[in-house]
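What follows is one structure encoded as structure tokens, with my remarks underneath.
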There are 2 protein chains.
Amino acid sequence: MLDDIDRRLLAVLVEDARLSLKELAARVGLSSPSVSERLRRLEERGVVRAYTVDIAPQALGYQLQAIVRIRPMPGRLHVVQKLIEETEAFCECDKVTGDDCFIARLFVRSIEELDRILDRIADKAETSTAIVKSQPIRRRPPPLA
Amino acid sequence: MLDDIDRRLLAVLVEDARLSLKELAARVGLSSPSVSERLRRLEERGVVRAYTVDIAPQALGYQLQAIVRIRPMPGRLHVVQKLIEETEAFCECDKVTGDDCFIARLFVRSIEELDRILDRIADKAETSTAIVKSQPIRRRPPPLA
DNA sequence: GACGTCGGTCGATATCGTCCAGCATGGCGG
DNA sequence: CCGCCATGCTGGACGATATCGACCGACGTC
């Protein structure tokens, strides 16, 4: 599905998605129109979902990051999901198998803010909160091989 | 720290980090040299950590995503952390407070692969695995406001 | 073996990025 | 209160880059 050049192209873009076509072309050993065409097709096929920017949460004042496991009370699943989605501080949420229905990541400016947000869920779900102390692995794509 | 234009710039870049300076300039109502200078400073100050590409894991053959909580056995913390870091399938790992020492995200091609990877940790740590069924919120930055 | 398709290069032209000079604004000291 | 400096913006010129069209070669099909 992806050939070797596509993979190298993606690997380069993971590092710097703003490189010029010319530079990308040089890195993978093609001409820039070819690279342009390959990118177009990767986008079209949905391999590339988006080009985006990685922003340091600290720079925005978010000093705290928490991972919350959320188990809605019977019959409250949809209400809880909606509440999570509408809370902007939740920056990632997965619906998973097992007792915990949702696992979500939360960025907050303070413990008080964390408490305030979790309080709003407290009567509809049980939550277990873990504060992030460090990130041995910060978001990376799965191996391209 | 960040003014309104910086925030709008970041908001635009989150959506498409490959837009030209000219286009970015038009979106925030400045000239392109100004935008260029603002980006340079956002990068310099560490607000922008990187420009990157969001790749669909399915396109690479990763059909399964799991979230694993990992509790190393006494004295095994560093060995376990090293093992996690060296396993490329772990694409995110946070060290957290609480009983679970690590919470990690794993991309795999099959249940067999998941089993194989967790087996390598099994004698050094207890793990609880949750398979991701859907993603109500897929990675987004915290509110820029 | 001829033909169609796909993916590539090359060169011309349009578009964009960068550099520079000059100008407006806001904060500060005399 | 006024002048001065620092900062950040703009516009235009010029070099760099993207895009488009024409063409080429490899490969698979009939």
Side-chain angles (χ1 to χ4, degrees), chain A residues 1-63 109 140-145, chain B residues 1-63 109 140-145:
Chain A
M1 187 141 177
L2 294 186
D3 68 11
D4 187 54
I5 292 182
D6 284 331
R7 278 188 288 267
R8 277 158 57 205
L9 209 42
L10 291 173
V12 174
L13 285 170
V14 166
E15 297 301 316
D16 186 354
R18 277 191 72 78
L19 287 177
S20 67
L21 289 180
K22 194 187 179 204
E23 180 62 29
L24 293 172
R27 304 272 182 106
V28 302
L30 288 182
S31 64
S32 45
S34 303
V35 170
S36 176
E37 176 62 12
R38 276 176 183 266
L39 289 188
R40 197 193 57 71
R41 281 171 27 216
L42 287 170
E43 293 160 20
E44 186 182 68
R45 288 157 58 194
V47 177
V48 167
R49 286 197 290 222
Y51 304 100
T52 189
V53 60
D54 177 15
I55 302 170
Q58 296 82 356
L60 302 175
Y62 298 95
Q63 303 305 334
R109 294 172 200 267
R140 66 182 181 198
L144 301 174
Chain B
M1 188 139 177
L2 294 187
D3 68 11
D4 187 55
I5 291 182
D6 285 331
R7 278 188 288 268
R8 276 159 57 204
L9 209 42
L10 291 174
V12 173
L13 285 170
V14 166
E15 297 301 317
D16 186 355
R18 276 191 71 78
L19 287 177
S20 67
L21 288 180
K22 195 185 178 204
E23 181 62 28
L24 293 172
R27 304 273 183 105
V28 302
L30 288 183
S31 63
S32 47
S34 302
V35 169
S36 176
E37 175 63 13
R38 276 174 183 267
L39 289 188
R40 198 192 57 71
R41 281 169 43 208
L42 287 170
E43 293 160 20
E44 187 183 68
R45 288 156 59 194
V47 177
V48 167
R49 286 199 289 222
Y51 303 100
T52 189
V53 61
D54 178 16
I55 302 170
Q58 295 83 355
L60 302 175
Y62 298 95
Q63 303 304 336
R109 294 170 200 268
R140 68 183 180 196
L144 301 174

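The sequence lines fix the lettering, A, B, ..., with proteins before strands; numbering per chain opens at 1. Keep in mind that what you see is a predicted model, and the values were worked out from it rather than measured.
A/Val53 and B/Ala17 make their closest contact through N-CB, 4.3 Å (heavy atoms, listed as atom of the first residue, atom of the second, distance). Considering every non-hydrogen atom in both A/Gly46 and B/Ala56, the closest pair reads O-CB, 3.3 Å.
The stretch residues 37-54 of chain A comes close to DNA chain C through A/Arg38, A/Arg41, each having a heavy atom under 4.0 Å from the strand. Residues of residues 18-33 of chain A having a heavy atom closer than 4.0 Å to DNA chain D, listed by number: A/Ser20, A/Leu21, A/Lys22, A/Ser32, A/Pro33.
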- Task: Starting from the C-alpha separation in whole Å, work towards a yes-or-no answer on side chain to side chain contact (heavy atoms under 4.5 Å, CB included) for B/Val14 and B/Arg140.
- Result: CA-CA 8 Å; B/Val14 166; B/Arg140 68 183 180 196; over 6 Å; no
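Using a 4.5 Å heavy-atom threshold, the side chains of A/Leu60 and A/Ile55 count as touching. Using a 4.5 Å heavy-atom threshold, the side chains of B/Leu24 and B/Leu39 count as touching.
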What pairs of nitrogen or oxygen atoms, one from the protein and one from nucleotides 25-28 of chain C, lie under 3.5 Å apart?
none

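Partners of A/Ser36 according to the side chain to side chain contact (heavy atoms under 4.5 Å, CB included) rule, which considers only residues two or more places apart in sequence or in another chain, are A/Leu21. By the salt bridge (charged side-chain N to carboxylate O under 4.0 Å, His left out) test, B/Arg8 pairs with B/Asp4, sequence neighbours left out. Scanning for side-chain hydrogen bond (donor to acceptor under 3.5 Å, both in side chains) contacts around B/Ser34 gives B/Ser31, with sequence neighbours left out. Residues satisfying the side chain to side chain contact (heavy atoms under 4.5 Å, CB included) criterion with A/Arg45, sequence neighbours excluded, are A/Met1, A/Leu2, A/Asp6, A/Leu42, A/Val47.
Between the axis at the start and the axis at the end of the helix from C/dG1-D/dC30 to C/dG30-D/dC1 there is an angle of 30°, using five pairs per end and rounding to 10 degrees.
Note on residues 9-29 of chain A: pairs passing side-chain hydrogen bond (donor to acceptor under 3.5 Å, both in side chains), not counting sequence neighbours, are A/Glu23-A/Arg27. Here side-chain hydrogen bond (donor to acceptor under 3.5 Å, both in side chains) pairs that include residues 48-63 of chain A, with residues two or more places apart or in two chains, are A/Glu43-A/Tyr51, A/Arg49-B/Asp54, A/Asp54-B/Arg49, A/Tyr62-A/Arg109.
Using a 4.0 Å cut-off between charged nitrogen and carboxylate oxygen, B/Glu37 and B/Arg40 count as a salt-bridge pair.
Protein chain B touches strand DNA chain D; the 5'-most and 3'-most nucleotides with an atom under 4.0 angstrom of its non-hydrogen atoms are D/dG8 to D/dG11.
A distance of 4.5 Å separates CZ in B/Arg38 from CD1 in B/Ile5, rounded to the nearest 0.5 Å.
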